[in-house]
Amino acid sequence: MTNYLKKFFHQDTDMTSGNLFWKIILFALPIMLTQVMQLLYVTVDLTSVHYGDSAESMGAIASNSALINLIIVVFTGVSIGANVILSEAKGAKDQDKAIKVVHTSLIFAFISGIAVGILGFIISDNLLELMGTEEHYFAKAALYLRIYFAGLPFLMIYNYAAQLLRAQGNSHGPFIALFISGLFNVGFDLLFVFPLHMGVAGVAVATIIAETISAIICMGILMLNKNAYAKFSFKKLRIDGQVLKEILKVGLPAGLQGFFFSLPNVFIQSSLYTIDPGNVELENGATASSNIEGYFFAIIDAIGVATMTFIAANVGAKKKDNIKKCIAYGLFWGLIGCSIVALVTAFAYRPLLSLFVNSEEAIQAGRTRLYIMGLFYSLEFTMNFSGAVLRGLKRSTYPMMTTLLSCTVLRIVLILTVFPLEQFHTVAWLYALFPITWSIATISNVVALIIFLPKDLRKIEPLKIKSSV
């Protein structure tokens, strides 16, 4: 048993040789499970506070969901830069650069986590006012958000450490870290909410504890894995300016893309309140559907991240044919996942929504959103996947601009101009904004890929192996 666990933690995937068709999906599965576990713990948070405190407390936490998702998406996007640059360095067998990427990334994660955490703590009330958070949720929502921002440095370290592990072929380590920390999250949820009656504050504190544990475990794997290509050591903890520039060149556009993609969701959530003000069932149905969609997104995002990582490694290894194979294999697995999502949406919407809400009005409200989102998820996958391929090729700016123009500017314009019109002021038309803008972004990204991929492949020359340290 000990030997098996050692092999599990220490054996990393070779992303530049072997059967890439199966390796991509096997690499993606732990990433997928990691995101599913995160969502399960959010579900436990909501359920615990609903039954242990009040439905109002559940609504207060749910009202933060779009904003918190915005924060997570932005910083996860920036950490993608570390993934791509480290994957490329490992593929190119440049160990010196790989080690610099590890240490530069983690310093940047910690410093930026502290800075944004302090700023967010200070302006929490302003952010909630900007979102149009309803008055009966406001005080509890603000309390939850301030505590959440206090734990942001630990979330940042986990996100970056997880990306650094994946870049070295280890996608199972972050999953194990989250699984263990999640058990603590559930335990502290139950302790703080039920016996101690801490309500939303208890759930928020439990989340910070879990994030701290997951960060410690991932850092431990980076330090103690003897077979890791680029280990972490406090002695080598310094920022390399050139490496940081490369990370931000890929990661900053990816983070901004996440911001541009998620920002309209804040407007959509606040626009929902205007359809039937004070209708809690409508809001709860939308929240339930949003939680279910998170599981759907875990499928397509994991495949995109896996494909991006494999492509970056093969760019570094100068293996043109493997890059083409990774794109084809990732696309195949993603479309399989989208087919499963569509079937689940069509035939299992009621039992899924019933996990979160019990009134027929809330279920029907959730069904409207779930149908529109789930049945058109192949559009979001293709948009997300083509963007991931471009990032793997170190072309992050184009998908960022595509997202800005289609998923941000166009959505907001439609919300401000078309949605207020009486015939379009409905739940169905509000959520139809998603597939409409996905379609435009998908076409733009695919066209860019058709143009840039041949050029990038022509630039790849035979690999000259650099000496390691």
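A quick note: this is a predicted structure, and the numbers were derived from the prediction, not measured. The basis for the numbers below is simple: all heavy atoms, side chains too, and nothing from hydrogens, waters or symmetry mates.
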- Keeping the roles fixed (side chain from N314, backbone from K319), state whether a donor-acceptor pair exists under 3.5 Å. no
- Item | Heavy atoms from other residues, nucleotides or ligands near CZ of F154 exceed 12 (cutoff 6.0 Å) | no
- Message: Less than 4.5 Å apart, side chain to side chain, heavy atoms only: is that true for F381 and V341?
- Response: no
- Query: Quick check: are there more than 12 heavy atoms from other residues, nucleotides or ligands sitting under 6.0 Å from OH of Y295?
  - Reply: yes
- Item | Minimum heavy-atom distance L433-T437, with the two atoms named | O-OG1, 2.7 Å
- Item | Where at least one partner belongs to residues 109-123, residue pairs that pass side-chain hydrogen bond (donor to acceptor under 3.5 Å, both in side chains), sequence neighbours excluded | none
- Message: If I compare all heavy atoms of T442 with all of L379, which pair ends up nearest, and what's the gap?
- Response: OG1-O, 3.0 Å
- Item | Point-to-point distance, once rounded to the nearest 0.5 Å, from OG1 of T345 to CZ of F296 | 3.5 Å
- Is there a donor-acceptor pair closer than 3.5 Å between any side-chain N or O of Y229 and the backbone N or O of Q95? yes
- State, yes or no, whether a side-chain contact exists between L237 and F232 at a heavy-atom distance under 4.5 Å. yes
- With the side chain counted from C-beta on, respond yes when L106 and M219 share a heavy-atom pair under 4.5 Å apart, and no when they do not. yes
- Message: How about NZ on K231, more than 12 heavy atoms from neighbouring residues, nucleotides or ligands closer than 6.0 Å, or not?
- Response: yes
- Query: What residue among E246, E88, Q242 forms side-chain hydrogen bond (donor to acceptor under 3.5 Å, both in side chains) with K97?
  - Reply: E246
- Query: Are F21 and F332 an aromatic pair by the rule of ring centers under 6.0 Å?
  - Reply: yes
- Item | Derivation of the side-chain contact (heavy atoms from CB on, under 4.5 Å) call for K23 and D14 | CA-CA 9 Å; K23 280 188 175 182; D14 180 355; 3.8 Å; yes
- Check: I216 and I213 side chains under 4.5 Å, non-hydrogen atoms: no
- Taking the six-membered ring for Trp and the single ring otherwise, decide whether the centroids of Y158 and Y160 are under 6.0 Å apart. no
- Message: Distance check, rounded to the nearest 0.5 Å: L222 atom CG versus I157 atom CD1?
- Response: 11.5 Å
- Interatomic distance, CG@L370 vs OG@S290, rounded to 0.5 Å, equals 10.5 Å
- I327 vs L453, side-chain contact (heavy atoms from CB on, under 4.5 Å): CA-CA, chis, key distance, verdict: CA-CA 11 Å; I327 295 172; L453 180 60; 3.7 Å; yes
- How close do L165 and I221 get, heavy atom to heavy atom, and via which atoms? CD2-CG2, 3.7 Å
- Shortest non-hydrogen contact between S79 and Q163, atoms and distance: OG-CG, 3.3 Å
- Item | Criterion ring-ring contact (aromatic ring centres under 6.0 Å, His included) against W22, the qualifying member of Y329, F27, W333 | W333
- Query: Is the centre of the F434 ring less than 6.0 Å from the centre of the F376 ring?
  - Reply: no
- Checking side-chain contact (heavy atoms from CB on, under 4.5 Å) for the pair N225/Q168: CA distance, chi angles, key distance, verdict? CA-CA 11 Å; N225 185 354; Q168 299 184 64; over 6 Å; no
- Item | Passing candidate, ring-ring contact (aromatic ring centres under 6.0 Å, His included) with Y377, options F297, Y371, W438 | W438
- Message: Taking CZ in F179 as the centre, count heavy atoms belonging to other residues, nucleotides or ligands within less than 6.0 Å. Is the count above 12?
- Response: no
- Message: Between N170 (side chain only) and H172 (backbone N and O only), is there a donor and an acceptor less than 3.5 Å apart?
- Response: yes
- Any side-chain donor near an acceptor of the partner, S289 and E293, under 3.5 Å: yes
- Item | Derivation and outcome, side-chain contact (heavy atoms from CB on, under 4.5 Å), residues L29 and L26 | CA-CA 5 Å; L29 281 173; L26 291 175; 4.3 Å; yes
- State, yes or no, whether a side-chain contact exists between R411 and F260 at a heavy-atom distance under 4.5 Å. no
- State whether the side chain of R238 and the backbone N or O of K235 hold a donor-acceptor pair below 3.5 Å, judged by distance alone. yes
- Query: Mind checking whether F108 and V243 have side chains closer than 4.5 Å, heavy atoms only?
  - Reply: no
- Are T309 and R166 close enough that a side-chain donor and a side-chain acceptor fall under 3.5 Å? no
- Message: Contact between S406 and M383 at the side-chain level, heavy atoms closer than 4.5 Å - yes or no?
- Response: no
- Evaluate whether atom CZ of F452 has more than 12 neighbouring non-hydrogen atoms of other residues, nucleotides or ligands under 6.0 angstrom away. yes
- Got a second to check how far S87's OG is from I311's CD1, nearest 0.5 Å? 11.0 Å
- Assign the ring pair W429 / F424 to parallel, tilted or perpendicular, where the plane angle (0 to 90°) is split at 30° and 60°. perpendicular
- Over all atoms of both residues, closest heavy-atom pair of I217 and A177: CG2-CB, 3.6 Å
- Note on the structure: Separation between CG (N185) and CD1 (I208), nearest 0.5 Å, reads 11.0 Å
- Task: Could you check if a side-chain atom of M401 sits within less than 4.5 angstrom of a side-chain atom of P253, using non-hydrogen atoms only?
- Result: no
- Do side-chain atoms of K394 reach the backbone of V250 as a donor and acceptor pair under 3.5 angstrom? no
- Item | Distance, nearest 0.5 Å, that separates CD1 of I450 from OG of S386 | 10.0 Å
- Are more than 12 heavy atoms from other residues, nucleotides or ligands located less than 6.0 Å from atom OH of Y398? yes
- Note on the structure: Closest non-hydrogen contact found for I303 with M32 is CG1-CE, 4.4 Å
- Item | Test item: Q257 side-chain N/O and S396 main-chain N/O as donor-acceptor pair under 3.5 Å | no
